[in-house]
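To start, the structure itself, in C-alpha cells.
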Amino acid sequence: MKVLVIGSGGREHAIVDALARSPKVSGIYCAPGNAGTGDQAVNVLLKDTDVEGLKAFALENSVDLTVVGPEAALAAGIVDAFRAAGLRIFGHTKAATAIESSKEFAKKLMDKYGVPTAAYRSFSDYEEALEYVSGRTFPAVLKYDGLAAGKGVVIAENEMQAREALASMLLDHSFGQGRVVVEDYLEGPEFSFMCFVDGERVYPMPLAQDHKRAFDGDRGPNTGGMGAYTGLPFISDEDKEFAFREIMCRTASAMASEGFPLSGVLYGGLMKTADGVKVIEFNARFGDPETEVVLPLLESDITDVFCAVADNRPGPELKWSDAVSIGVVLASKGYPGAYSKGFEITLPQLPEGMRLYQMGTSTKDGRLLTAGGRVLMPVCKGADLHEARTRVYEIVEQVGCENLFYRSDIAHQAL
Ligand code: AMP
Ligand code: GLY
C-alpha cells in the first residue's frame, strides 16, 4: 500500500512512524512534511491546503490511502474532493469538520443531544453581547466562532476584560467575521480523548493530557502544546467509560443523525469538573502533541483502522500497550510570540523504546535546522510515568541547539 500523509508537524511525523511499522505499507509520502518525516517518507512539496495539487499527486502516484493531519485541509474540503475522484482518504468531510471549525455549531449540537458542556449564549451584535455579559457572573469564557489557530479564546475575569475581548472580536473582527460564544467558566483537570470514528462506530484511544501554557507551573501564554503524557491517575475507569458513552459515542451518533457522519478522528478536549466530565471543545483531527504520545502505544496495524474508517465498514478491535508514554516539546525561544529560525540542531543517540518526533525542522546542506515554533518532541514509553519521565528528560538535555527552550514539569499533575 502506498500512503500519503498530509501535514508537516510532529503529529504527522508520529502518523508516518506508525505507518512505517505496518507490514502492509510499501511506501509513504508526506506533504509537505519536515526533516523528520523525510527520514521515513518521501516529502512532497505541496501545501496541506492545495487540494487540487494533492489530488493530482495521489492520482498520478497511485496512492492507496491518504491520511489528513491538519484541520485547515479538512476545512478546505480535501476529503470531499478526494472521494469525488474515487480516492480513499481518512478524514472528515468539510461539513462534518464544522464540529471543530464552528464553536457555535458544536455547542448547538451538544445542547440538542444532551452532551455535557458549559452553558452558553452566542452573539453577532456587540451591544447585545455587552448587555448580556454586564449582567452575568465572572469569570466568563469568550470564544470566537471560527478557526483562530488556538488564539480565539479569552477568559475574562471581569466586565472590563469581557468588553475588550468583545470589541476585538465583534467590532475589530480580529479573527474574521464570525460570531462570539460566551460560556460559563468550568474548573477541573483537562484531558484529551481521541477516538477513531466512522459514523456510529467509535474506537477509543488512550487518554492523554496536553500542557498548553508556555512555562513551568502552567504559567505564560497559551501555545499549541508544550508536552503530553498518557496514564492519567486522576481520571478513573468510570470517568473514561462515561466520557466514551455520553460524550464521544453520543456526539458521533448526533453527527450521523444531523446528516454529517464523522469519518476520521474526533478529539474531545474534556474537563473533569466537580459536576462530572464535560466538553471544553471538539477537534476534528488528531491532537498535537497528544498524537505523539498516543500512537506509539498502538500495537494493532494502523492501516486497518484507517482503511476501515475510510471505506465505511466495520474495523478491527484495536490493541493498545499497557505502557504509559510521555513527550516534551522543545520550542524556539520566543514561541508562541516572534522567534527566529535556522539554528543548527544536533540530535542525541536514541536508546531502545524512544522516539524523537520532529515538529518544525528543515535540512540545508546536510545540516538539521530549526524551522518552526515547536521544533522537536522526544517521546519515551515506560511501565511507569516516573521512570519514563526521567528517561525522556535525559534525552531532552542531550539535544544540541542554542535557541530552544522546554518545560521541565511535564506530567506534574500526575506525579
Ligand atoms: P479551547 O480553544 O476551546 O480549547 O480553549 C482553550 C483553553 O481555554 C482550554 O484548554 C481551557 O483551558 C480554557 N477554556 C476554554 N473553555 C473553558 C471553560 N468553559 N471553562 C474554563 N476554561 C476554559
Ligand atoms: N493539543 C491541542 C490540539 O491539538 O488542539
Side-chain angles (χ1 to χ4, degrees), residues 7 9-12 14-15 68-72 74-75 97 99-107 110 115-122 136-157 162 165 169 175 178 180-194 205 207-214 218-230 264-275 277-295 327 329 331 336 357 359 373-374 377 407 410 413:
R11 164 180 61 201
E12 287 74 20
I15 294 170
V68 186
E71 68 274 20
L74 298 170
T97 302
I99 193 132
E100 169 167 5
S101 58
S102 168
K103 304 259 186 209
E104 190 178 21
F105 173 91
K107 293 299 280 191
M110 288 188 268
V115 176
T117 187
Y120 82 105
R121 293 272 307 270
S122 74
R136 62 155 293 144
T137 55
F138 289 93
V141 184
L142 285 73
K143 300 185 176 183
Y144 173 69
D145 183 49
L147 292 176
K151 298 196 175 80
V153 176
V154 173
I155 298 180
E157 301 289 346
M169 292 182 198
F175 303 107
V180 169
V181 167
V182 182
E183 67 178 35
D184 290 350
Y185 177 78
L186 303 177
E187 274 178 293
E190 286 182 62
F191 61 102
S192 310
F193 193 178
M194 299 189 288
M205 303 186 216
L207 302 178
Q209 189 179 48
D210 187 8
H211 297 63
K212 296 218 165 144
R213 303 296 199 96
D218 294 321
R219 288 191 312 258
N222 255 315
T223 69
M226 294 298 292
Y229 66 99
T230 70
V265 172
L266 178 64
Y267 166 121
L270 311 182
M271 186 184 273
K272 182 177 173 165
T273 73
D275 194 23
V277 177
K278 297 191 179 185
V279 177
I280 294 291
E281 65 160 349
F282 281 123
N283 291 325
R285 50 169 176 82
F286 283 108
D288 193 350
E290 291 92 330
T291 302
E292 290 92 313
V293 292
V294 167
L295 288 188
V329 172
Y357 294 122
M359 308 181 91
R374 294 186 294 175
M377 183 172 177
R407 278 183 61 161
I410 299 306
Q413 286 192 41

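Whatever order the structure lists them in is the order used to number ligands and atoms, beginning at 1. Worth saying up front: this structure is predicted, and the values here are computed from it rather than measured.
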ask   = How far does CG of Asp288 sit from CG of Asn283, to the nearest 0.5 angstrom?
value = 11.0 Å
request  = Could you tell me whether ligand 1 has any atom less than 4.0 Å away from a heavy atom of Asp184?
outcome  = yes
ask   = Mind checking whether Pro70 and Arg11 have side chains closer than 4.5 Å, heavy atoms only?
value = yes
task = Report the distance from atom NZ of Lys278 to atom CD of Glu190, rounding to the nearest 0.5 Å.
result = 14.0 Å
task = Say whether Gly224 and ligand 2 are in contact under the criterion: heavy-atom distance to a ligand atom below 4.0 Å.
result = yes
Heavy-atom pair with the smallest gap, counting every atom of Ile99 and Ala284 = CG2-CB, 4.1 Å
query = Hey, which of Glu100, Glu12, Glu290 is the one that makes salt bridge (charged side-chain N to carboxylate O under 4.0 Å, His left out) with Arg285?
reply = Glu100
inquiry  = Would you compute the distance between atom CG of Asp145 and atom CD of Glu104 and round it to the nearest 0.5 angstrom?
reply    = 5.5 Å
key: Under-4.0 Å salt bridge between Glu281 and Lys212   = yes
Enumerated ligand 2 atoms positioned under 4.0 Å from heavy atoms of Tyr267 = 1 (N), 2 (C), 3 (C)
request  = Run the numbers for me: atoms of ligand 2, each under 4.0 Å from some heavy atom of Asp210, listed by number.
outcome  = 1 (N), 2 (C)
query = So is Lys103 in contact with ligand 1, going by heavy-atom distances below 4.0 Å?
reply = yes
task = Look at the side chain of Arg407 and the backbone N and O of Gly227, then say whether any donor-acceptor pair between them is shorter than 3.5 Å.
result = no
inquiry  = With respect to Asn222, determine whether any N or O atom, backbone or side chain, lies less than 3.5 Å from an N or O atom of ligand 1.
reply    = no
query = With a 4.5 Å limit on heavy-atom distance, are the side chains of Asn222 and Arg213 in contact?
reply = yes
task = For Val141, take its heavy atoms, then give the atoms of ligand 1 lying under 4.0 Å from any of them.
result = 16 (N), 17 (C), 18 (C), 19 (N), 20 (N)
task = For the residue pair Leu270 and Val279, establish whether any side-chain heavy-atom pair is separated by less than 4.5 Å.
result = yes
task = Consider ligand 2: state whether an atom of it lies below 4.0 angstrom from any non-hydrogen atom of Ser192.
result = no
note = Under 4.0 Å from one or more heavy atoms of Val153, ligand 1 contributes atoms 1 (P), 2 (O), 3 (O), 5 (O), 8 (O)
ask   = Can you list the ligand 2 atoms lying under 4.0 Å from a non-hydrogen atom of Gly287?
value = 4 (O)
Closest to atom 20 (N) of ligand 1 among Val154, Asp218, Leu186, Val279 (heavy-atom distance) = Leu186
query = At a 4.0 Å threshold, what atoms of ligand 2 neighbour a non-hydrogen atom of Asn283?
reply = 3 (C), 5 (O)
remark   = Ranked by distance from atom 5 (O) of ligand 2, the top protein heavy atom is Arg285 NH2, 2.9 Å
request  = Using a strict cut-off of 4.0 Å, indicate which atoms of ligand 1 neighbour a heavy atom of Lys212.
outcome  = 4 (O), 10 (O)
query = Which pair of non-hydrogen atoms, one from Val153 and one from Lys103, has the smallest distance, and what is that distance?
reply = CG2-NZ, 4.4 Å
ask   = In ligand 1, which numbered atoms sit nearer than 4.0 Å to a non-hydrogen atom of Lys143?
value = 3 (O), 15 (C), 16 (N)
ask   = Relative to the heavy atoms of Glu183, which atoms of ligand 1 are at a distance of less than 4.0 Å?
value = 16 (N), 17 (C), 18 (C), 19 (N)
message = Using a 4.0 Å heavy-atom cut-off, which part of Glu190 comes near ligand 1: side chain, backbone, both, or neither?
response = side chain
